[in-house]
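Every chain is numbered from 1 and lettered A, B, ... according to where its sequence line falls, protein lines coming before strand lines. As the structure is a computational prediction, the values presented were derived from the model and not from experiment.
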2 protein chains.
Amino acid sequence: MKQTGDLTLIKKINKSIVLEMIRRESPLSRARIAERTGLTKATVSSLVNELIESNLAHEIGMGQSRGGRKPMLLLFNGAAGYAVGVDLGVSYIHAALTDLNGQIIEEIRLQNDASSVETVFAELKDCIHSLIRKAPESPYGVIGIGVGIPGFSDEEGIVLFAPNLGWENVPLQKMLEDEFHIPVVIDNEANVGAVGEMRFGAGREAASLVYVSIGAGIGTGIIIKDELYRGISGFSGEIGHISIHHDGKPCRCGNSGCWELYASEKALLEEARAAYGNPRMKLSELLQFAKQSDPKALRLLEDLGRYIGVGIVNIINVFNPERIIIGGRLAEAADWLKPPLMEIVEKRSLP
Amino acid sequence: MKQTGDLTLIKKINKSIVLEMIRRESPLSRARIAERTGLTKATVSSLVNELIESNLAHEIGMGQSRGGRKPMLLLFNGAAGYAVGVDLGVSYIHAALTDLNGQIIEEIRLQNDASSVETVFAELKDCIHSLIRKAPESPYGVIGIGVGIPGFSDEEGIVLFAPNLGWENVPLQKMLEDEFHIPVVIDNEANVGAVGEMRFGAGREAASLVYVSIGAGIGTGIIIKDELYRGISGFSGEIGHISIHHDGKPCRCGNSGCWELYASEKALLEEARAAYGNPRMKLSELLQFAKQSDPKALRLLEDLGRYIGVGIVNIINVFNPERIIIGGRLAEAADWLKPPLMEIVEKRSLP
DNA sequence: TTTGTTTGTTTAATGAATTTACAAAGTCCA
DNA sequence: TGGACTTTGTAAATTCATTAAACAAACAAA
């Protein structure tokens with residue numbers, strides 16, 4: 001059965017258009033909304049009054065007149081409700097309570113060593129509980145929880161596979177919903193990052209963007225026409241597993257010469273450990289060497305930047321997005337990575 | 001100004017849902033449409049009667065009763081109008097007149113040697129004129145013209161760049177609209193192929209598919225959620241220019257080791273000409289050798305199949321589409337290409 | 001023959017947007 | 001200072017597509 005149209009659908013469409021406009025362009029008046037949406041003033045008045053009644057908007061007083069009666073300015077009520085967002089990392093949990101504007105109200109960061117599902121889930125639970133306790137009184141309370149994970153999940157919020165956590169088939173969404181009784185969404189960390197950058201970050205003006213998160217591996221989130229693109233079974237966006245060397249090193253994904261074998265933190269550390277003969281070398285140490293202009297370290301970072309660039313060129317050629325945003329832990333090394341990366345990109349991609 | 005909702009929007013939505021259902025599942029009755037869409041019988045009746053009045057549907061008589069009054073069956077009226085589709089090739093023009101069911105009514109195929117824009121356009125014009133003359137009398141007449149071109153175009157139907165035709169910045173859409181005064185759409189041959197396969201071909205059941213057209217180069221059309229994906233400036237989908245060999249041969253696109261340098265007809269012929277010492281060897285000759293089980297030819301085709309497979313694996317890893325459809329001239333060689341291709345795909349991609 | 005089912009239409013009710021009119025509160029200029 | 005014009009927002013009447021309910025026609029099965 002398809003989505004058919006009726007009167008309630010119309011109202012939903014128009015109400016959400018009005019709300020969205022208030023959210024993004026407030027403060028503004030009813031008259032201006034009518035002008036910009038094409039709806040009549042009467043319709044806008046009625047919808048706005050309903051929004052005010054349901055606490056999603058506020059009147060904040062008169063504005064400047066433009067030659068006639070003064071407009072009553074409207075503001076989106078970010079304090080109508082709150083939400084919890086969690087970045088579930090391999091060795092940390094980073095959780096935040098935000099209002100509906102995305103403003104962070106409370107934050108918790110804690111380190112943990114990758115351990116069993118039970119331990120991590122217990123910590124996660126405590127974390128979220130204490131954030132919810134800190135939420136101010138509000139009409140809608142805490143409306144939902146979102147979790148970004150370093151791995152794949154399906155539509156039902158089951159963590160199918162998170163190699164670096166060692167998780168497999170963990171029904172995280174259901175576990176959290178059973179605990180907190182509010183809606184929970186689970187998604188890949190790169191997808192979450194992509195949506196975040198689109199809404200609040202560097203991609204606010206762009207309708208299409210690719211977010212590349214370079215950490216232990218490479219994760220990517222793809223936004224097309226303001227919407228996150230998912231492949232059919234949730235396994236899409238594995239740009240990290242594009243082969244950039246068709247007869248290169250074998251990858252655990254089955255393919256050979258995958259990009260992430262050459263352009264990830266893991267790859268960098270492997271090279272570095274070989275170069276320095278120190279099998280326990282850490283990223284921070286390498287960056288120390290680089291700061292001291294150690295030629296070996298600089299060389300390693302330059303190579304890495306170049307490899308990253310090769311993959312970026314592929315992304316440009318395939319998706320031609322308006323923006324490419326690079327995030328993840330390796331972003332700390334941006335100073336060294338950017339020049340060789342940009343050189344490759346400029347040389348190899350269409351304008 | 002955004003699309004707001006009003007009563008006419010509702011009607012448009014519902015009418016198109018009903019029409020689409022008739023088009024795809026006819027013959028069927030009003031009652032069945034009501035059941036399947038969730039609309040009431042009264043609404044469906046009213047919409048169907050309007051469709052009949054505007055000649056888009058027909059009643060074709062009573063069907064079998066299922067225990068009550070016999071249903072009046074409805075049929076989509078494919079003869080309400082006609083359309084012209086053109087495949088503008090490098091050395092040929094292939095044009096067809098179809099009805100609204102996509103049934104081909106008339107067809108014209110002609111060879112031409114790649115020549116100036118003026119000559120090709122004159123031939124194209126004659127071609128289309130003679131097809132339009134052959135269109136039967138109908139309520140809507142010939143409603144539009146679609147042209148697939150071997151190159152890039154923008155939203156205004158300007159052929160930005162068609163290397164194998166030698167065209168640059170040709171406003172083909174406007175030229176045709178000025179001549180015929182009906183809507184014209186221009187698009188890349190691979191995009192057109194992708195949409196065609198989705199509607200009428202091997203991808204009818206799939207919501208996402210990638211169409212790979214392997215000819216002189218490699219073109220790709222990407223369908224996501226039943227919609228063609230275009231990059232921001234119309235230059236997207238250049239999967240052919242994914243680098244599969246990061247320090248491989250330089251490509252005229254600026255990148256190195258592009259897939260199409262290894263997996264296209266051009267690549268095959270270059271290898272073949274070198275192998276046989278015949279600088280004018282043609283594809284048909286090579287296929288002749290292959291038919292005679294000539295080991296050199298078989299080897300070349302096997303290599304090509306493997307290279308194609310490498311790129312297909314990349315497509316799977318990035319898009320994870322429901323279907324991948326391979327078309328183009330090299331499809332003739334499918335018998336030899338398929339085994340090595342499938343071997344690579346099975347070995348290297350996730351299930 | 002009776003009962004129940006299926007198809008499709010008719011009629012009245014519902015509800016959301018539009019149109020038209022208008023009151024309130026300004027600005028601007030002579 | 002006063003009148004003309006603007007701008008903002010609300011109110012009442014109108015329009016129109018859908019739904020709900022009732023119903024007639026046609027038919028199968030008991």
J.: If you round to the nearest 0.5 Å, how far is NZ of B:Lys12 from CD1 of B:Ile17?
T.: 14.0 Å
J.: Name the closest nucleotide to the B:Asn14 side chain, picking from D:dT15, C:dT19, D:dT18.
T.: D:dT18
J.: With a 4.0 Å limit, can you tell me whether B:Ser29 has a side-chain N or O closer than that to the phosphate oxygens OP1/OP2 of C:dG8?
T.: yes
J.: Is the distance from OP1 or OP2 of C:dT18 to the nearest side-chain N or O of A:Thr40 less than 4.0 Å?
T.: yes
J.: Expressed as a whole number of angstroms, how long is the span from A:Arg32:CZ to D:dT6:P?
T.: 18 Å
J.: Summarise protein proximity over nucleotides 25-30 of chain C in one line of letters, 5' to 3': B for base, S for sugar-phosphate only, - for none, counting protein heavy atoms closer than 4.0 Å.
T.: BBS---
J.: At their closest point, which heavy atom of B:Leu172 faces which heavy atom of B:Leu124, and how far apart are they?
T.: CD1-CD2, 4.2 Å
J.: How long is the line joining NZ of A:Lys15 and P of C:dA16, in whole Å?
T.: 9 Å
J.: Given 3.5 Å as the limit, does a donor-acceptor pair link the side chain of A:Asn101 with the main chain of A:Gln103, or not?
T.: no
J.: Select base, sugar-phosphate, or nothing to describe what B:Ile10 touches, counting heavy atoms under 4.0 Å on all strands.
T.: sugar-phosphate
J.: Starting at atom NZ of A:Lys12, determine the distance to atom P of C:dG15, rounded to an integer number of angstrom.
T.: 15 Å
J.: So, are B:Lys134 and B:Glu107 salt-bridged, with charged N and O less than 4.0 Å apart?
T.: no
J.: Taking for each residue the nucleotide of DNA chain D with the nearest heavy atom, is it B:Lys41 or B:Ser46 whose nucleotide lies nearer the 5' end?
T.: B:Ser46
J.: Could you tell me the separation between the CG atom of A:Leu7 and the C1' atom of D:dT18, rounded to a whole number of Å?
T.: 6 Å
